[in-house]
**Student:** 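Dropping the structure in here first, questions after.
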Protein chains: 2
Amino acid sequence: MMNVLEKISSDMSEFSKSEKKVAEVILANPQSAIHSSIATLAKLSNVSEPTVNRFCRRLDTKGYPDFKLHLAQSLANGTPYVNRHVDEFDGPAEYTNKIFESTMASLEVARQSIDIAMVNRVVDLLTQAKKISFFGLGASSSVAHDAVNKFFRFNVPVVYFEDILMQRMSCMNSTEGDVVIFISHTGRTKSLVDVAQIARANDAMVIGITSADTPLAKECNYVLSLEVPEDTDLYMPMASRIAQLTLIDVLATGFTLRRGNKFRENLKRLKDTLRSSRYVKDNL
Amino acid sequence: MMNVLEKISSDMSEFSKSEKKVAEVILANPQSAIHSSIATLAKLSNVSEPTVNRFCRRLDTKGYPDFKLHLAQSLANGTPYVNRHVDEFDGPAEYTNKIFESTMASLEVARQSIDIAMVNRVVDLLTQAKKISFFGLGASSSVAHDAVNKFFRFNVPVVYFEDILMQRMSCMNSTEGDVVIFISHTGRTKSLVDVAQIARANDAMVIGITSADTPLAKECNYVLSLEVPEDTDLYMPMASRIAQLTLIDVLATGFTLRRGNKFRENLKRLKDTLRSSRYVKDNL
DNA sequence: ATTAATTTGTAATTTTACTACATTTGTAGT
DNA sequence: ACTACAAATGTAGTAAAATTACAAATTAAT
C-alpha cells in the first residue's frame, strides 16, 4: 500500500480545483493537518466540509478520520532510522542508540525481503533431513554455531565445523538426504563457495542463507536470500549477522511447529533437565 | 517521545482494573483498535466510554481521536507489540513475521534498559585490558564466539572456550589486568557462576552481560544488565541472544572509537587483506 | 445558448466524543 | 463491623464532528 502523502502529490493532476486547494494546504503542513478537524481544514482551504470529505474518499480512505490515520502513519514512516552510521565524535549514548536503531531498521528491511514460500520449503527439507550441517566463516561462523545449538535441542543429527578443512571433509562425506546450510552475507567468500560445490557434487541438498545473485547463491539448490543494508567490506558485520540469526530462529520455529505436539513435549522435558543446572529464582 | 504501544505495556502496572481491560484489548489487536470508535472499543473491553477516554488521557493524549493518531503512528513505525508469541496454528508467513517483529520489539526494550555510563566504563576497561576472555554456555556460547570474532580483528589478545572445563582452567590462570566477560541471559547457570567466582578470586576484572539481580550479576565487578522480555525456561532463547549480540556490537564500536584514528586505519588494512579471499562483485 | 454533466456548497442527520454528575467500590480509621 | 472518605466507574445529557442528501453553481458540449 502506498503512502498517503506520496499519493497526494502523485495524484495531484487528477484532483478538481477545490480538491487541489485541500491538497496544497495538507502538503504545506501535514503535521498540523492531522490535528485539525474537517471544519478547520475546510476553512483553511477555503472549501466546504463535504469537499474535504470527498477529497479523502478519492484517496481510497473511508472518510476524514480514516484519512487522518493514514496521514499520521505516512508521517511516522517518513522519519526512519535506517542509515544512522556512527561517527567518530559520537559519545556512548549516541553510538549505543545508533547501533540499536540501525539494527532494528535492518531487521525490518530483512523481514520484508524474505521469501515466505522458500522458508516453508526449507523447513520441509530440514524436517526430512538425515543430517543437517551448518557452515559459515568469519562472522557467519558464530551464526552457524548458534544454529547448531538450536537444532541440537531437537535431537536431530547436526554438524558444525569452524575449520574450513573440516567443513570440506564433512561435505565430501555427505550423501543424499543430507542438508547442508551455508551462511554468508556477501556470498563471495571463495573457500565457502568451494565447499558448497563439493557438497552439491556429493548429492547433499545445499541451502544458502546469503544475499541474492551471489556466487554462493548460484551453487545452492535453494537460497534463502536476505537483503540487509550493510557493507561488510567497509564496516564490521553487525546487522547482517543479526538478520541471519533471526532467520535461524524462524527456521527452528517452523521446524518445531512441523514436528507437532508430541515433539514439543519432548522439548519441554529437555528444558526441565536443564533447569536443574540452574539457581532457581527463589533462593537468590 | 515514547511509542504509545510500548507505553501501554510499560505503564500496565499503573492502570486501574478497567483501564487494564482496555489496554489488553488494544494490545491484543492494535490494528483493529485504530479502526474502532470509542463506543465499540468500550463494548469490547466491557467498560464505559468515559473509561476509555480517561485511559487515553492517562497516556498523555488529548482524547480518543488523538490517541488513535498516536497509535497509528506507533504501528507505522514497525515497533509492534513485544509478546507476539507464535502459536501452533501459525503458518510460515505468521511465524516469520511474529519472530521478526518480536525480535525488533525486544531490541527496543533492551536498548532502553542499558546503562550508558556502564557501557562507557566497560569500554574503558576493555581498552586497557591485557587479555579479554568471553565465556558463555548454551545459546550464549555462540554470542561469546561472535564477540571473539569481533575483538580478534582489533588485534588484542582475546580468548574463548566453549568447554566449561577449559573456561575454568583459563580463569584459574587469569591475573590482574585481565578482563573476563560472562554472558548469560538467566544469570543462573551454576557452572558459569562458579567460573566467574574463580576468575574473580584470581584478580581478573569480571564483567557480566546478564539480567540484573541474578547470582551471576552478584559475582561481577561490573554488570551490563540487559532487560529482555523472554522466558528462556519455557522458550528457546531468541531475542535475548540478539540483544546480547547487539550489545557486543556497541562495545566493539566503543572500543574502536576509543582507540582513535590510527587504529581504524589498521582495521581498514585488515579488511583489504580479507577482500582478496573473496569473489569481487564484477566477475560474477 | 441551452442542456447535461460535473463540481461545489448548504443544511439536516447521524455518528462520535466529551462533560458533569451519580453510583459504586474500595480503604482506613474508629 | 461500621463510618467516612477517596478512588474508580458508569449514566445520561451535551457538544462537536463527520457524513448524507439535496440544491445551486459552474463547466463543457452540442
**Student:** Relative to each other, are the rings of A/F154 and A/F255 parallel, tilted or perpendicular (30° and 60° limits)?
**Tutor:** parallel
**Student:** With heavy atoms under 4.0 Å as the rule, sort A/V52 into base, sugar-phosphate or nothing.
**Tutor:** nothing
**Student:** Taking the side chain of A/S16 as heavy atoms from C-beta outward, which of C/dC18, C/dT8, C/dT19 is closest to it?
**Tutor:** C/dT8
**Student:** Expressed as a whole number of angstroms, how long is the span from B/K21:NZ to D/dT9:P?
**Tutor:** 8 Å
**Student:** Can you tell me how far C1' of C/dT16 sits from CZ of B/F67, to the nearest Å?
**Tutor:** 16 Å
**Student:** Given D/dT11, D/dA8, D/dA18, which nucleotide is nearest the side-chain atoms of A/I38?
**Tutor:** D/dA18
**Student:** Could you please name the option among C/dC18, D/dT11, C/dT8 that lies closest to any side-chain atom of B/S48?
**Tutor:** D/dT11
**Student:** Could you please name the option among D/dT19, C/dT8, C/dC18 that lies closest to any side-chain atom of B/Y64?
**Tutor:** C/dC18
**Student:** Rounded to the nearest Å, what distance is computed from the CZ atom of residue B/F55 to the P atom of nucleotide C/dC18?
**Tutor:** 14 Å
**Student:** Closest approach to the side chain of B/R57, judged atom by atom: which nucleotide of D/dT19, C/dA17, C/dT19 is it?
**Tutor:** C/dT19
**Student:** In terms of side-chain geometry, is the basic nitrogen of B/R58 or B/D11 positioned less than 4.0 Å from the acidic oxygen of its partner?
**Tutor:** no
**Student:** Does a side-chain N or O of B/S37 approach OP1 or OP2 of C/dT15 to a distance below 4.0 Å, or not?
**Tutor:** no
**Student:** What's the separation between atom OG1 in B/T61 and atom CG in B/L69, rounded to the nearest 0.5 Å?
**Tutor:** 10.0 Å
**Student:** How long is the line joining CD of B/E14 and P of D/dA7, in whole Å?
**Tutor:** 16 Å
**Student:** In whole angstrom, give the distance that lies between atom CZ of B/R54 and atom C1' of D/dT9.
**Tutor:** 6 Å
**Student:** I'd like to know if A/R111 pairs up with A/E108 as an ion pair, taking the criterion as any Lys NZ or Arg NE/NH1/NH2 lying under 4.0 Å from an Asp or Glu carboxylate oxygen.
**Tutor:** yes
**Student:** Side chain of A/V47: nearest nucleotide among C/dG9, D/dT9, D/dG10?
**Tutor:** C/dG9
**Student:** If I take atom NZ in residue A/K62 and atom P in nucleotide D/dT19, what distance separates them, rounded to the nearest angstrom?
**Tutor:** 11 Å
**Student:** Does C/dC18 have OP1 or OP2 under 4.0 Å away from a side-chain N or O of B/N53?
**Tutor:** yes
**Student:** Taking the minimum atom-to-atom distance to the side chain of A/K17, which one of C/dT8, D/dA21, D/dA17 wins?
**Tutor:** C/dT8
**Student:** Between B/T210 and B/V223, is any pair of side-chain heavy atoms under 4.5 Å apart?
**Tutor:** yes
**Student:** Tell me: CD of B/E49 to P of D/dT14, nearest whole Å?
**Tutor:** 16 Å
**Student:** Of the nucleotides C/dA17, D/dT9, D/dA18, which one has an atom closest to the side chain of B/S18?
**Tutor:** D/dT9
**Student:** Without decimals, in angstroms, what is the distance between A/D66 CG and D/dA17 C1'?
**Tutor:** 15 Å
